[in-house]
Novice: 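I have a structure I would like to understand better, so I am pasting it below and will then ask my questions one at a time.
Just so it is clear, the values below take in all heavy atoms, side chains as well, and ignore hydrogens, waters and symmetry mates. For the single chain, residues carry numbers from 1 onward in sequence order. Keep in mind it's a predicted model, so treat the numbers as computed, not measured.
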Amino acid sequence: MNKIPLFFQGISQIVGEEKMGLLILVDKEEQRQLTIPCDEEMLRQFDLRLSRMAVRNLMLPEVLWQVISSQTDLHFEILINDLIDELYRAILYNTETLEPISIRACDAVLLSHIGKVPLFIEERLMMRQSVPFVREATGVAMPLNALSDNMLKEALDKAVQNENYELASHLRDEILRRKQR
């Protein structure tokens, strides 16, 4: 299995969806990007870290990571290795024992950001789910299979309202595909 290193690029709001956001990850060459949907609480957690507030070093994830890294010789990596039911799956594993621990992908990105834990994605998943990275883009593209059912329905409604019938057809097909599961 080949794996590609990922790097946190930033967060993005989803227009019309206040309770959801996107974590933007890029490959080392900044050629491809992966977007991971996250909830409102995770957006808040990233906002706290990105604001560089002094209190962030006293928050539980940072303190626990400091304990782990200062009192043990354990080394970890994170691998995003699957997409199941529109959710990315990630594994935190000890690099010596390879013991895996499942973790939500958005939490894995936060842990990587806090503890500088190397973050990777399985190469085939990256090629299937990523889109070209455009540094100054005003919007963020993401694959349909990473959207929640509610997000798909809202996108379908907007596409019909805007008379974008080709997009509406793709969205409808994805909704029907999911119902057949």
Novice: In Å and rounded to the nearest 0.5 Å, what is the CD to OG distance from Glu174 to Ser169?
Specialist: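 Rounded to the nearest 0.5 Å, the CD-OG separation comes to 12.0 Å.
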Novice: Just wondering, do Cys38 and Leu43 contact through their side chains at under 4.5 Å, heavy atoms?
Specialist: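 Yes, close enough: below the 4.5 Å cut-off.
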Novice: What's the shortest heavy-atom distance between Arg104 and Asp107, and which atoms?
Specialist: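 Here Arg104 and Asp107 meet closest at NE-OD2, 2.5 Å.
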Novice: Side-chain contact test, heavy atoms from C-beta onward, threshold under 4.5 Å: evaluate it for Leu22 versus Ile24 and give yes or no.
Specialist: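 Yes. Closest side-chain heavy atoms under 4.5 Å.
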Novice: Under the side chain to side chain contact (heavy atoms under 4.5 Å, CB included) rule, what do Met1 and Leu79 come out as? Steps first, then yes or no, please.
Specialist: CA-CA 11 Å; Met1 167 187 59; Leu79 177 65; 3.6 Å; yes
Novice: Could you pull out the closest heavy-atom pair between Ile114 and Pro61, with the gap in Å?
Specialist: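 Closest pair (atom of Ile114, atom of Pro61, distance): CD1-CB, 3.6 Å.
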Novice: Ile91, Ile78: one ILVMFWY side-chain cluster at the under-4.5 Å cut-off?
Specialist: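 Ile91 does not cluster with Ile78.
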Novice: Does Glu30, at its CD atom, have more than 12 non-hydrogen atoms belonging to other residues, nucleotides or ligands within less than 6.0 Å?
Specialist: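 Yes, CD of Glu30 has more than 12 neighbouring heavy atoms, counting only those of other groups under 6.0 Å.
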Novice: Starting at CG of Asn57, measure out to CZ of Arg49 and round the result to the nearest 0.5 Å.
Specialist: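 The distance works out to 9.5 Å.
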Novice: Decide side chain to side chain contact (heavy atoms under 4.5 Å, CB included) for Thr95 and Phe76; before the verdict, give the C-alpha distance in whole Å, the side-chain angles of both, and the deciding distance to 0.1 Å.
Specialist: CA-CA 5 Å; Thr95 57; Phe76 295 94; 5.7 Å; no
Novice: Would you compute the distance between atom CD of Gln33 and atom OG of Ser12 and round it to the nearest 0.5 angstrom?
Specialist: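 It comes to 9.0 Å.
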Novice: With side chains defined as the heavy atoms from C-beta onward, is the minimum distance between Leu83 and Arg128 less than 4.5 Å?
Specialist: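 They are in side-chain contact.
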Novice: Is the closest side-chain heavy-atom distance between Arg32 and Pro132 below 4.5 Å?
Specialist: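 In short, these two side chains touch, coming nearer than 4.5 Å.
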Novice: I'd like to know if Leu34 and Val117 are part of one continuous hydrophobic network [Ile/Leu/Val/Met/Phe/Trp/Tyr, side-chain heavy atoms within less than 4.5 Å].
Specialist: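 Yes, same cluster.
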Novice: Can you confirm whether Leu23 sits close enough to His113 that some side-chain heavy atom of one is under 4.5 Å from a side-chain heavy atom of the other?
Specialist: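 No, side chains not in contact.
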Novice: Would you kindly confirm whether Leu25 and Leu111 end up in one hydrophobic cluster when ILVMFWY residues are joined by side chain heavy atoms under 4.5 Å apart?
Specialist: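 Yes, Leu25 and Leu111 fall within the same hydrophobic cluster.
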Novice: For a 4.5 angstrom cut-off between non-hydrogen side-chain atoms, does Leu119 reach Val109?
Specialist: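 Touching, per the 4.5 Å side-chain cut-off.
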Novice: Taking Arg44 for the side chain and Glu40 for the main chain, is one N or O donor matched with an acceptor at less than 3.5 Å?
Specialist: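 Not confirmed, Arg44 side chain does not pair with Glu40 backbone.
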Novice: Answer yes if Met42 and Ile80 sit in the same cluster of Ile, Leu, Val, Met, Phe, Trp and Tyr residues linked by side chain heavy atoms under 4.5 Å apart, and no otherwise.
Specialist: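 Both belong to a single hydrophobic cluster.
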Novice: Would you kindly confirm whether Met127 and Ile36 end up in one hydrophobic cluster when ILVMFWY residues are joined by side chain heavy atoms under 4.5 Å apart?
Specialist: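 Linked, Met127 and Ile36 end up in one cluster.
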Novice: Out of curiosity, Leu92 CG to Glu77 CD, how far, rounded to the nearest 0.5 Å?
Specialist: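 So the gap between those two atoms works out to 10.0 Å.
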Novice: Is Asp149 salt-bridged to Lys153, going by a charged N under 4.0 Å from an acidic O?
Specialist: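 No, no charged N to carboxylate O under 4.0 Å.
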Novice: Do Pro118 and Lys3 touch side chain to side chain, with heavy atoms closer than 4.5 Å?
Specialist: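 A side-chain contact is absent here, since even the closest heavy-atom pair is not under 4.5 Å.
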Novice: If you measure only the distance, is there a donor-acceptor pair under 3.5 Å linking the side chains of Glu62 and Gln66?
Specialist: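 No, no side-chain donor-acceptor contact under 3.5 Å.
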Novice: Return the CD to CD distance between Gln129 and Glu122, rounded to the nearest 0.5 Å.
Specialist: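 The CD atom of Gln129 sits 11.0 Å away from the CD atom of Glu122.
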Novice: Starting at CG of Leu156, measure out to CD of Gln161 and round the result to the nearest 0.5 Å.
Specialist: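 These two atoms lie 11.5 Å from each other.
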Novice: Check whether any side-chain heavy atom of Met126 lies under 4.5 Å from a side-chain heavy atom of Leu6, and answer yes or no.
Specialist: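 Contact flag for Met126/Leu6 side chains = yes.
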Novice: Would you say the side-chain atoms of Gln31 pair up with the backbone N or O of Glu29, donor to acceptor, closer than 3.5 Å?
Specialist: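 Yes; at least one donor-acceptor contact below 3.5 Å.
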